[in-house]
Amino acid sequence: MSLTAETLFRPTEPASHPSVAVASDRRTDVEGKQARVAALLQEVGCEGLLVLEPENFSWLTSGATARGILNPAELPALYFSAEQRWLISSNVDSQRLFDEELNELGFQLKEWPWHWGREQLIADLAQGRRLACDRPLDDRKTVGDRLRVLRRALTAYELACYLALGQTVSHALEATCRNLALGETEREVAGHLTHRLIHRGIHPAMISVAADGRSRLYRQAGFTAIPISKFCVISACGAKYGLYATASRTVCFGESDEMLRKEHDAACKVCATYVASGWPDSVPRDVLHMGRKVYQVTGFEHEWAQAPQGHVTGRSPVEMAFYAATEELLQPNWAVTWRATVGAAVCCDTFFLSGQGPRILTPAPDVEWPLKRIRVMGAEYFCPDVLYRDVVVSERPNSSP
């Protein structure tokens with residue numbers, strides 16, 4: 001059986017993007033990570049690595065996910081030696097995992113009967129071996145922090161996956177904004193957005209729909225049964241290929257809401273400042289300080305303290321949170337989500353940090369979506385602007401894009 005669209009990425013972007021055109025070989029990506037594991041094992045003096053965390057499972061398989069399993073104790077694991085790799089799985093899931101997730105990637109199988117439980121097989125595997133593990137386990141060498149740092153740097157294959165994921169997330173957000181109707185509730189709009197994401201194999205890790213200024217009170221708003229009567233701010237974090245991309249979009253009906261307009265303009269300026277300042281080797285503490293100055297200049301000095309402003313993302317929704325004292329340097333090939341909030345407005349997108357500058361991973365794919373051009377530090381940046389729609393009496397939108 002061949003791989004499904006959930007686990008295999010085939011580049012469809014034009015060859016003008018070299019990182020996409022050459023990144024289609026997932027097996028090669030897995031082999032490269034095998035070499036990194038071998039180097040780590042030599043460094044820590046161990047003969048094997050046991051992988052239990054889902055984020056590391058996804059990273060070391062270049063995108064496999066254990067869908068449909070409720071009990072964390074039944075999740076599949078991985079075992080690596082310097083030269084070989086194995087899937088550790090229940091007999092209930094092993095065939096599906098190879099058919100849908102790991103086909104032709106060079107993994108062997110160590111299987112436990114479902115009525116034994118995973119612990120017995122892991123104990124047998126560890127018997128008499130010097131093992132490292134990505135979480136504390138008995139007297140095994142814990143290397144979770146080392147793996148967390150290693151997985152932040154995206155490979156060419158992972159960047160190609162991210163570009164496809166980010167465009168789909170932003171398309172789903174924009175299609176939802178274009179098709180939602182006045183009077184629909186936040187919950188209904190969240191349902192439309194969730195459908196669009198799942199329809200394309202994306203897991204909605206976070207959905208936020210805030211109508212008519214509710215986000216002024218709650219910066220991480222979720223969604224409720226409140227109906228939309230004027231405007232709506234929608235945010236989403238979607239996961240596919242084991243990667244996470246986050247973005248936001250705003251739609252307003254009728255004439256411009258003056259307060260929302262002012263708040264959104266300020267949020268865009270702050271976000272553009274973060275993007276312009278957040279190059280490789282920059283210090284998050286200093287980047288946040290630059291944004292805080294823009295908050296002050298735009299007349300929203302205290303908004304800076306109302307919500308988190310950004311984080312490193314990747315195999316986990318938040319790989320490293322940014323705080324006022326964060327001094328760990330940003331590195332090339334990391335994915336970063338910047339999120340500026342001012343009143344009801346949210347400006348949020350995910351970016352790839354390259355040596356040539358930040359590259360947006362969640363662009364506005366709709367050529368008609370309004371963009372706001374902002375000049376920062378001698379360079380121009382484009383932020384998604386508010387979409388203004390005419391107030392018309394219409395039927396409920398279709399649930400599909």
Side-chain angles (χ1 to χ4, degrees), residues 167-200 202 204-238 246-268 271 300 303 306-307 339-349 362-372 382-401:
Q167 288 206 356
T168 306
V169 169
S170 56
H171 177 271
L173 282 165
E174 292 169 15
T176 301
C177 288
R178 288 194 178 281
N179 288 281
L180 66 85
L182 282 177
E184 286 193 302
T185 66
E186 296 175 347
R187 187 178 298 158
E188 289 172 316
V189 173
H192 299 324
L193 176 57
T194 299
H195 168 79
R196 288 187 169 91
L197 293 172
I198 293 178
H199 181 66
R200 289 171 171 77
I202 295 177
M206 181 278 293
I207 300 290
S208 175
V209 182
D212 304 324
R214 191 169 68 87
S215 48
R216 291 192 179 102
L217 294 175
Y218 312 109
R219 300 308 170 91
Q220 296 178 154
F223 47 86
T224 71
I226 294 175
I228 301 167
S229 63
K230 180 61 177 177
F231 67 87
C232 189
V233 180
I234 308 177
S235 303
C237 176
T246 307
S248 68
R249 298 293 186 265
T250 302
V251 59
C252 182
F253 290 90
E255 297 181 0
S256 172
D257 182 290
E258 183 176 349
M259 180 55 70
L260 176 64
R261 177 77 271 167
K262 183 178 180 181
E263 291 170 344
H264 188 82
D265 288 350
C268 287
C271 196
F300 295 98
E303 292 291 325
Q306 299 302 313
R339 182 177 185 268
T341 64
V342 177
V346 178
C347 183
C348 174
D349 277 298
T362 52
D366 187 340
V367 295
E368 296 182 358
W369 189 272
L371 297 176
K372 185 174 182 61
F382 292 87
C383 296
D385 208 346
V386 177
L387 174 69
Y388 288 96
R389 292 176 52 193
D390 294 334
V391 178
V392 295
V393 178
S394 63
E395 298 179 356
R396 290 186 182 276
N398 294 328
S399 60
S400 60

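Numbers here simply count residues along the sequence, with the first being 1. Every heavy atom of this structure was used, including side-chain atoms; hydrogens, water molecules and symmetry mates were not. A quick note: this is a predicted structure, and the numbers were derived from the prediction, not measured.
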Say you draw a straight line from OG1 of T194 to CZ of F223; how long is it, rounded to the nearest 0.5 Å? 6.5 Å

Any side-chain heavy-atom pair from W369 and R178 closer than 4.5 angstrom? yes

Sequence neighbours left out, what passes side-chain hydrogen bond (donor to acceptor under 3.5 Å, both in side chains) with T176? Give chain and number order. R196

C177 vs I234 side-chain heavy atoms within contact, under 4.5 Å: yes

Minimum heavy-atom distance A175-N179, with the two atoms named: O-ND2, 2.7 Å

Does the side chain of D257 reach to within under 4.5 Å of the side chain of V386, using non-hydrogen atoms? no

Sequence neighbours left out, what passes side chain to side chain contact (heavy atoms under 4.5 Å, CB included) with D385? Give chain and number order. R261, H264, P370, K372

Whether over 12 other heavy atoms sit under 6.0 Å from Q306 CD: yes

In the structure I gave you, are the side-chain heavy atoms of R389 and L182 within less than 4.5 Å of one another anywhere? no

Just to verify, what does K262 make a salt bridge (Lys or Arg N to Asp or Glu O under 4.0 Å) with, not counting sequence neighbours? none

Check T341 against A307 and note the closest heavy-atom contact, atom names and distance. OG1-CB, 3.8 Å

Heavy-atom pair with the smallest gap, counting every atom of S235 and L193: O-CD2, 4.3 Å

Table please: side-chain donor-acceptor pairs of residues 206-216 below 3.5 Å, with sequence neighbours left out.
from : atom 1 : to   : atom 2 : distance (Å)
D212 : OD1    : K230 : N      : 2.7
D212 : OD1    : F231 : N      : 2.9
D212 : OD2    : S229 : N      : 2.9
D212 : OD2    : S229 : OG     : 2.8
R214 : NE     : E186 : OE1    : 3.1
R214 : NE     : E186 : OE2    : 2.9
R214 : NH1    : A221 : O      : 3.2
R214 : NH2    : E186 : OE1    : 2.9
R214 : NH2    : V209 : O      : 3.1
R214 : NH2    : A221 : O      : 3.1
R214 : NH2    : G222 : O      : 3.4
S215 : OG     : A344 : O      : 2.7
R216 : NE     : E263 : OE1    : 3.4
R216 : NE     : E263 : OE2    : 3.0
R216 : NH2    : E263 : OE1    : 3.1

Under the rule for side chain to side chain contact (heavy atoms under 4.5 Å, CB included), what residues qualify as partners of C347, not counting sequence neighbours? A267, C268, C271, C383

Got a sec, which residues hit side chain to side chain contact (heavy atoms under 4.5 Å, CB included) with A247, two or more places apart in sequence or on another chain? L173, R249, D349, T362

Distance from T185 atom OG1 to I228 atom CD1, nearest 0.5 Å? 7.5 Å

Atom of A172, atom of L197 and distance for their closest heavy-atom approach: CB-CD2, 3.7 Å

Side chains of R200 and T168: do they bring a donor and an acceptor to under 3.5 Å? no

Heavy atoms of G343 and E303 approach each other most closely as N-OE1, 3.0 Å

What's the shortest heavy-atom distance between F253 and D390, and which atoms? CD2-O, 4.0 Å

So, using side-chain hydrogen bond (donor to acceptor under 3.5 Å, both in side chains) as the criterion, who are the partners of S170 when residues are at least two apart? none

Exceeds 12 heavy-atom contacts within 6.0 angstrom, atom CZ of F382: yes

